[in-house]
Amino acid sequence: MIPVVTPVEMAAIDASAPEPLDVLIERAGRAVAAAAIDLLGGTYGRVVNVVVGKGNNGADGRVAARRLEARGVKVRVIDAAMRPPVLRRSDLVIDAAYGTGFRGEWIAPEVGDALVLAVDIPSGVDALTGEAGAGVLPADRTITFQALKPGLLLGDGARLAGHIDVADIGLDVSGASQHQVTVDDVAEWWPTRAIDAHKWNGAVKVIGGSPEMPGAAVLASTAAARAGGSLVSLSAPGVTVATPPEIVQRHVAADDFSADALVDIHRFGALVIGPGLGRADEVLMATRACISDATVPVVIDGDGLFASAWSAEGPAPLLRDRELATVLTPHDGEFGVLTGSPPGADRVASVRAAAADLGCTLLLKGQTTIVASPPEAEADPLGGHVWFVTNGDQRLATAGSGDVLAGMIGSALAMGLDADKAAAASAWLHADAANRTPADGLLASDIVDAIPAAIGAIR
Ligand SMILES: NC(=O)C1=CN([C@@H]2O[C@H](COP(=O)(O)OP(=O)(O)OC[C@H]3O[C@@H](n4cnc5c(N)ncnc54)[C@H](OP(=O)(O)O)[C@@H]3O)[C@@H](O)[C@H]2O)[C@@H](O)CC1
Ligand SMILES: Nc1ncnc2c1ncn2[C@@H]1O[C@H](COP(=O)(O)OP(=O)(O)O)[C@@H](O)[C@H]1O
Ligand SMILES: [K+]
């Protein structure tokens, strides 16, 4: 896992460091110079423009400039405040105008075909939210210090940062409460089955589907089975769905189905509820009863999120009452239904607040997936842990992809993984499975088929 630290947290870490700022800037500049030489493939005859601002980001750039010059590189230092609209030709531009202290607007100069190395974060990107104006220079590479910043992983910032390296400048970020998930984390967390396992160790119950949307239930169930669910039982209210033969179907009525659907729930490790259920009043009512009565960890997705919020009091009383783990998997629209407003510009703060308010693990879908746990102590209202999952791409934006993810999380919960790790590891494997498919023409069922290969690769 790679620590992620907000600008405010970084300032506090910096302030409590034993080294003076000058020493940290020297280390940062040295790392920038090394990255520049790496990008340039050498020093002899190379020309580098360094754009420097008046803050510490600019100071990092000046140190790098001095070091590159000492190595024989022809260096031009350009004051950000007096930049020309177009820079003279160079092999590389080091963008050290502004870092975590940026505010307002920034229009970068044109740099021709030079490579671009951003210092800490591309200048003009909000290090907290990833928001950026149109004038930001896209980087080929960003060298950031000690920890990632949320703005490098979110929104425009993720696109503009290029390849990201984290340089160790000796700061202590061990107290970070946010991390980016890596393949090593997933390999460590994802459960392996015991040698004496039987099919009821890790069984997953799915309540989903409807006459109008049977496919969502098929995708969630087969994904649960492919991800390790040893026995998957599907109850699709009022309809029999065409599933692979391995999925056990337990027929339930189209209304008032909670008692029948949950009759043997104690045999299961987790429940996935919501995909494709629809929003008829009787379905919403029965769905709420299932969420309240399920004596296992629950993943609530799609129409299950709508059902959770379908009350004059909102979703909190129903969800806070649950004793076992609950994972909510909204996209932005469903987040709005759950909390009353879509995520704000600071998506992490929105997800943390919702997790705290609802007492659930919350996974917010999107280009970057954010998972937040509810805080452990009431004294720390927004203190839950946060995971960023960034390995997916636009292939995942296909109908049914979210149903697959819900099934996978159900399987991870059933195998005993903690809710936040179940959600984060499933999102990572979901993306990795999609990354194994052709760039175009992906169907959600292709993700399901690729799950075993994604899991195989972490073993
Ligand atoms: N531990 C660490 O964290 C370490 C951090 N390090 C480095 O420090 C960087 C953070 O440095 P920083 O705090 O000085 O902020 P930085 O981004 O240089 O900019 C602030 C200055 O720019 C100005 N300014 C802002 N926006 C502007 C605009 N649109 N147009 C014009 N001016 C604008 C702003 O002016 P003000 O708003 O105050 O008027 C202020 O003067 C960080 O990203 C990393 O590279 C390392 O050196 C070592 C250890
Ligand atoms: N541009 C994107 N890049 C990476 N992942 C994406 C992108 N768009 C969507 N996703 C992921 O795809 C999935 C879509 O889920 P969802 O919107 O619920 O789809 P559906 O309701 O059709 O099943 C989520 O896991 C989301 O994080
Ligand atoms: K910068």
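Any value given below was found using the heavy atoms of this structure, including those in side chains, with hydrogens, waters and symmetry copies removed. Order of appearance sets the numbers: ligands from 1, and atoms from 1 within every ligand.
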query: Quick check: does Gly400 get an N/O under 3.5 Å from an N/O on ligand 2?
result: yes
field: Protein heavy atom at shortest distance from atom 42 (C) of ligand 1
entry: Asp120 OD2, 3.1 Å
task: Would you mind checking which non-hydrogen protein atom is closest to atom 18 (O) of ligand 1, with the distance to 0.1 Å?
output: Asn57 N, 3.0 Å
- request: Take atom 10 (C) of ligand 1 and look for protein heavy atoms under 4.0 Å from it; say yes if you find one, no if not.
  value: yes
- prompt: Is the closest side-chain donor-acceptor distance between Thr240 and Gln249 under 3.5 Å?
  reply: no
message: So if I count the atoms of ligand 2 from 1 in the order they appear, which ones are less than 4.0 Å from some heavy atom of His430?
response: 25 (O)
Atom 18 (O) of ligand 2 - nearest protein heavy atom and its distance: Lys365 NZ, 2.6 Å
- request: Could you find the nearest protein heavy atom to atom 35 (O) of ligand 1 and give me its residue, atom name and distance?
  value: Lys54 CE, 3.4 Å
task: Flag Asp60 as yes when one of its N or O atoms lies below 3.5 Å from any N or O atom of ligand 1, and as no otherwise.
output: yes
- prompt: Is Val119 close enough to the K ion (ligand 3) to have an N, O or S atom under 3.4 Å?
  reply: yes
message: To 10 degrees, how wide is the angle O (Ile121) to the K ion (ligand 3) to O (Tyr98)?
response: 90°
- line: Ranked by distance from atom 25 (C) of ligand 1, the top protein heavy atom is Gly101 O, 3.4 Å
- prompt: Given that the side chain starts at C-beta and the backbone is N, CA, C, O, which of these parts of Ile121 lies under 4.0 Å from ligand 1, counting heavy atoms, or is it both or neither?
  reply: neither
message: For the 3.5 Å polar cut-off, considering only N or O atoms, please tell me whether Ala399 and ligand 2 meet it.
response: no
query: Can an N or O of Gly99 be found at a distance shorter than 3.5 Å from an N or O of ligand 1?
result: yes
message: Can you report which non-hydrogen protein atom sits closest to atom 4 (C) of ligand 2, along with the distance?
response: Asp393 O, 3.1 Å
Atom of Asp95 closest to the K ion (ligand 3), considering N, O or S atoms: O
Numbering as shown, the atoms of ligand 1 that approach Met10 to under 4.0 Å (heavy-atom distance): 3 (O)
message: Any donor-acceptor pair under 3.5 Å linking the side-chain atoms of Thr182 with those of Asp184?
response: no
task: Take atom CD of Glu19 as the centre, draw a 6.0 Å sphere, and report whether it contains more than 12 heavy atoms from other residues, nucleotides or ligands.
output: yes
- prompt: Going by the order shown, which atoms of ligand 2 are within less than 4.0 Å of some heavy atom of Thr369?
  reply: 27 (O)
message: To check your reading of the model: name the closest protein heavy atom to atom 19 (O) of ligand 2, its residue, and the distance in Å.
response: Gly402 N, 3.4 Å
- prompt: From Asp156 CG over to Thr129 OG1, what is the distance, rounded to the nearest 0.5 angstrom?
  reply: 9.0 Å
- prompt: In the protein, which heavy atom is nearest to atom 14 (C) of ligand 2, and how far is it?
  reply: Ser401 OG, 3.7 Å
task: Using a 4.0 Å heavy-atom threshold (strictly under), name the region of Glu105 that reaches ligand 1: side chain, backbone, both or neither.
output: backbone
field: Proximity to ligand 1 by part of Leu171, non-hydrogen separation under 4.0 Å
entry: side chain
- line: for atom 12 (O) of ligand 2, nearest protein heavy atom and its distance come out as Leu396 O, 3.0 Å
- request: Have a look at the K ion (ligand 3) and estimate, to 10 degrees, the angle subtended by OG (Ser123) and OD1 (Asn57).
  value: 100°
Heavy-atom closest contact (Leu284 atom, Gly278 atom, distance): CD2-O, 4.1 Å
field: Heavy-atom nearest neighbour in the protein, as seen from atom 6 (C) of ligand 2, with distance rounded to 0.1 Å
entry: Gly366 O, 3.5 Å
message: His331 versus ligand 2: do any nitrogen or oxygen atoms come within less than 3.5 Å of each other?
response: no
message: Quick check: closest heavy atoms across Ala414 and Ala270, and the distance to 0.1 Å?
response: N-CB, 3.8 Å
query: Which residue and non-hydrogen atom of the protein lie closest to atom 38 (O) of ligand 1, and at what distance in Å?
result: Arg103 NH1, 3.9 Å
Minimum-distance protein heavy atom relative to atom 31 (C) of ligand 1: Tyr98 OH, 3.1 Å
